[in-house]
Amino acid sequence: AYLLSEDMPNLLRQANILVGLEGEDRCMGYVFRARAMMWLGDLDQALNDANAALAIKPDEDSYSMRAEVSWARGDLARAAADYTASLRLDSAQPDRLEMRASVYEEQGLTEAAEADRQSAIALRRPTQPVPAQVAPSWPGASVAPTQWPSPYIAPSIQRQGCPSCLAEAL
């Protein structure tokens, strides 16, 4: 999910509360705070928070966050390595594959970038019908869920837009 700029002050408040807790909550707090600090332009603090999250729990989200911060800092080798570590832990992440592909492109590794993009496309193809209970319920949503090109975004959102639903779907 992508956050809007107006969400950042609230995210930072919540992150600071979570950092004061223990275990996974603390780890998630560091990840959230790293994202907020990156948005605020404090890349040094963002990197410190991403590293703190990894020290608590080296999971796919922590690696991905440090990859984003490293990329923003221009450390493409670290970004690629962290996206790779994240994908080793959870390979079914098309967004992370696309992000790593972009890092690879910046490194001049066009074949690796294309391979990641093709893998991301393959992951986004539905392998099974989307359950009917996730069918859109707003007016004008007439496409059956099993015909959606992505299990996450209905075609009526993609084509016509649904202002109240679009941000939630993405």
- Message: Would you say that Leu12 contacts Leu40 through its side chain, given a criterion of any heavy-atom pair below 4.5 Å between the two side chains?
- Response: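 SC-SC contact between Leu12 and Leu40 confirmed.
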- Message: Within the 4.5 Å heavy-atom criterion, are Arg26 and Leu18 side-chain neighbours or not?
- Response: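 Not in contact.
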- Message: Does anything in residues 103-114 form a salt bridge (charged side-chain N to carboxylate O under 4.0 Å, His left out)? List the pairs, not counting sequence neighbours.
- Response: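 Residue pairs passing salt bridge (charged side-chain N to carboxylate O under 4.0 Å, His left out), neighbours aside: Glu105-Arg117.
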- Hydrophobic cluster of Tyr104, others only, ordered by chain and residue number, side-chain cut-off 4.5 Å: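 Noted: Tyr104 shares its cluster with Leu109.
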- With sequence neighbours excluded, what pairs up with Arg13 under the side chain to side chain contact (heavy atoms under 4.5 Å, CB included) test?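 Applying side chain to side chain contact (heavy atoms under 4.5 Å, CB included) to Arg13 gives Pro9, Asn10.
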Taking [Y]'s backbone N and O only, do any of them form a donor-acceptor pair with [X]'s side chain (distance below 3.5 Å, no angle check)?
X      : Y     : answer
Arg100 : Tyr83 : no
Ser64  : Ser86 : no
Ser62  : Pro58 : no
Asp25  : Leu21 : no

Taking [Y] as the starting point, is it possible to reach [X] by hopping between hydrophobic residues whose side chains are less than 4.5 Å apart?
X     : Y     : result
Met8  : Met65 : yes
Leu47 : Tyr30 : no
Phe32 : Met38 : yes

- Item | CD1 on Ile17 to CZ on Arg33, rounded to 0.5 Å |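 Reported to 0.5 Å precision, the distance equals 12.0 Å.
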- Task: Check Leu123 against Ser91 and note the closest heavy-atom contact, atom names and distance.
- Result: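 Answer, listing the atom of Leu123 first, then Ser91: CD1-O, 3.5 Å.
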- Which is it for Met28 and Gln14 under the side chain to side chain contact (heavy atoms under 4.5 Å, CB included) test, yes or no, and what are the steps along the way? CA-CA 10 Å; Met28 193 53 58; Gln14 291 177 3; over 6 Å; no
